[in-house]
Chemist: 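The structure that follows is given in the form of structure tokens.
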Amino acid sequence: MSEISYIRGDATAPSAKGVKVIAHVCNDIGGWGKGFVLALSRRRPEPEAAYRAWHRDRASNDFGLGAVQVVPVDRYVWVANMIGQRGIRRGSKGVPVRYAAIDAALDRLADRAVELEASVHMPRIGCGLAGGSWERVEPLIVQRLVRRGIAVTVYDHDG
């Protein structure tokens, strides 16, 4: 059984052969404009447009904590918009990250990755602006993706 591969680099440009899914955590209020999504949007417009439409039409779809939207951006690359954070601010209820939502989203992502025969690539999801702890997120990735035989690469950005 493989474990998570950690490399230095840019998760918006996965360096692997075959079909790849770039996974990242989004908030549940339709905000797209800080953190990893900025780098993603500089490279590809489709994930942001799809996320905004998904949020706009949320009354008639599954948009909410734990949901995943997998967006094709080219023949071999997809982006998984995973709703794993409540709001965007730290406050009386703590940090925005929601571990149960990330867990549910990773479970849904695993099914799609298996279907696509894809590897999964990501930054340290939920641990930037969402305020999460990698010690809590990493076991979820192992449980939901690695144990299902999905190759996972986590990118630590230079600089």
Side-chain angles (χ1 to χ4, degrees), residues 4 6-16 19-110 112-113 116 118-138 140-141 144-145 152-159:
I4 298 170
Y6 291 89
I7 65 171
R8 286 216 163 284
D10 182 355
T12 67
S15 54
V19 179
K20 299 164 274 298
V21 176
I22 300 167
H24 69 108
V25 167
C26 302
N27 62 63
D28 66 347
I29 61 168
W32 183 289
K34 286 189 174 176
F36 181 75
V37 298
L38 291 179
L40 198 54
S41 289
R42 277 194 294 272
R43 198 172 285 277
R44 308 170 189 287
E46 301 92 344
E48 177 179 359
Y51 171 80
R52 291 188 184 282
W54 189 30
H55 177 261
R56 187 175 50 250
D57 300 332
R58 67 191 175 280
S60 60
N61 65 39
D62 68 344
F63 185 94
L65 288 171
V68 179
Q69 179 190 52
V70 182
V71 181
V73 294
D74 77 28
R75 185 172 168 197
Y76 295 105
V77 180
W78 299 69
V79 172
N81 294 329
M82 303 187 302
I83 311 299
Q85 121 182 25
R86 163 107 35 224
I88 56 173
R89 304 221 189 298
R90 295 169 191 246
S92 60
K93 293 187 170 82
V95 294
V97 70
R98 293 296 179 265
Y99 297 108
I102 290 175
D103 188 43
L106 287 168
D107 194 36
R108 291 182 175 101
L109 172 59
R112 196 72 174 101
L116 293 168
S119 55
V120 175
H121 304 261
M122 63 181 72
R124 292 187 185 237
I125 58 169
C127 298
L129 296 172
S133 153
W134 188 245
E135 290 70 34
R136 293 201 45 200
V137 174
E138 184 183 45
L140 302 177
I141 295 165
R144 298 299 183 187
L145 301 176
V152 177
T153 302
V154 172
Y155 294 72
D156 287 315
H157 201 274
D158 295 321

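By convention here, the first residue in the shown sequence is residue 1. Small disclaimer: the values here were computed from a predicted structure and weren't measured.
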Chemist: Going through the checks in order, is the side chain to side chain contact (heavy atoms under 4.5 Å, CB included) test met by Leu109 and Met82?
Modeler: CA-CA 8 Å; Leu109 172 59; Met82 303 187 302; 3.9 Å; yes
Chemist: Compare every heavy atom of Arg90 with every heavy atom of Pro96, then report the nearest pair and how far apart it is.
Modeler: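 Taking Pro96 first and Arg90 second, the nearest heavy atoms are CD-CG, 4.0 Å.
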Chemist: Measure the CD-SG distance between Gln69 and Cys26 for me, rounded to the nearest 0.5 Å.
Modeler: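 Rounded to the nearest 0.5 Å, the CD-SG separation comes to 8.0 Å.
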Chemist: I'd like to know if the side chain of Asn27 and the backbone of Arg86 have a donor-acceptor N/O pair within less than 3.5 Å.
Modeler: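 It does not hold such a pair.
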Chemist: Which atom pair, heavy atoms only, marks the closest approach of Leu65 to Gly84?
Modeler: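 Shortest heavy-atom separation between Leu65 and Gly84 comes out as CD2-C, 4.2 Å.
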Chemist: Going from CZ on Arg108 to CG on Asp103, what distance comes out if it is rounded to the nearest 0.5 angstrom?
Modeler: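 Interatomic distance, Arg108 CZ to Asp103 CG, rounded to 0.5 Å: 10.0 Å.
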Chemist: Step by step, work out the side chain to side chain contact (heavy atoms under 4.5 Å, CB included) result for Leu106 and Ile125.
Modeler: CA-CA 11 Å; Leu106 287 168; Ile125 58 169; 4.2 Å; yes
Chemist: State which residues pass salt bridge (Lys or Arg N to Asp or Glu O under 4.0 Å) with Arg43; sequence neighbours excluded, sorted by chain then number.
Modeler: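 Salt bridge (Lys or Arg N to Asp or Glu O under 4.0 Å) list for Arg43, sorted by chain: Asp10.
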Chemist: Working note: Asn81 + Val79, criterion side chain to side chain contact (heavy atoms under 4.5 Å, CB included); need CA distance, chi angles, decisive distance, verdict.
Modeler: CA-CA 6 Å; Asn81 294 329; Val79 172; 3.8 Å; yes
Chemist: Knowing that exactly one of Thr12, Val77, Val71 qualifies, which makes a side-chain contact (heavy atoms from CB on, under 4.5 Å) with Arg44?
Modeler: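 Answer after filtering Thr12, Val77, Val71: Val77.
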Chemist: State, to 0.1 Å, how close Val68 and Ala105 come at their nearest heavy-atom pair, and which atoms those are.
Modeler: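 Scanning both residues, the minimum pair turns out to be CG2-O, 3.2 Å.
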Chemist: Is there a side-chain contact between Ser15 and Ile7 (heavy atoms, below 4.5 Å)?
Modeler: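 Yes - at least one pair of side-chain heavy atoms lies under 4.5 Å apart.
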Chemist: Is there a donor in the side chain of Asp62 and an acceptor in the side chain of Trp54, or the other way round, less than 3.5 Å apart?
Modeler: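 Yes - a donor-acceptor pair under 3.5 Å links their side chains.
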Chemist: Taking all atoms of both residues into account, what is the closest heavy-atom pair of Ile88 and Gln85, and its distance?
Modeler: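 Nearest pair, atom of Ile88 first, then Gln85: CA-NE2, 3.9 Å.
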Chemist: For a quick test of reading the model, state the closest non-hydrogen atom pair linking Leu40 to Pro47 and the distance between them.
Modeler: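 Smallest heavy-atom distance, with atoms named: CD2-CB, 4.3 Å.
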Chemist: Atom CZ of residue position Arg52 - does it have more than 12 heavy atoms of other residues, nucleotides or ligands inside 6.0 Å?
Modeler: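 More than 12 heavy atoms, drawn from other residues, nucleotides or ligands, come within 6.0 Å of this atom.
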Chemist: Not counting sequence neighbours, list each pair that qualifies as a side chain to side chain donor-acceptor pair (under 3.5 Å) and has a residue in residues 120-135.
Modeler: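 Residue pairs passing side chain to side chain donor-acceptor pair (under 3.5 Å), neighbours aside: Tyr6-Trp134, Ser119-His121, His121-Tyr155, Arg124-Asp156, Ser133-Glu135.
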Chemist: Is there a side-chain contact between Glu138 and Ile4, using heavy atoms and a 4.5 Å cut-off?
Modeler: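 Heavy-atom side-chain distance check passes, below 4.5 Å.
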Chemist: Do Val137 and Cys127 have side chains that approach each other closer than 4.5 Å (heavy atoms only, starting at C-beta)?
Modeler: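 Val137 reaches Cys127 side chain to side chain.
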Chemist: Where does the angle between the aromatic ring planes of Trp32 and Tyr51 fall among parallel (under 30°), tilted (30 to 60°) and perpendicular (over 60°)?
Modeler: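 Correct class here is tilted.
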Chemist: Is there a side-chain contact between Val97 and Arg136 in this structure, where contact means two heavy atoms from C-beta onward sitting under 4.5 Å apart?
Modeler: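 Val97 does not reach Arg136 side chain to side chain.
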Chemist: Suppose we screen for salt bridge (Lys or Arg N to Asp or Glu O under 4.0 Å). Which residues come up paired with Arg56, at least two apart in sequence or across chains?
Modeler: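 Listed in chain order: nothing, the list is empty.
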Chemist: What heavy-atom pair brings Pro123 and Ala23 nearest, and what distance separates the two atoms?
Modeler: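 Result for this residue pair: CD-O, 3.5 Å.
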Chemist: Return the CD1 to CD1 distance between Ile83 and Ile102, rounded to the nearest 0.5 Å.
Modeler: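 Separation between the atoms: 11.0 Å.
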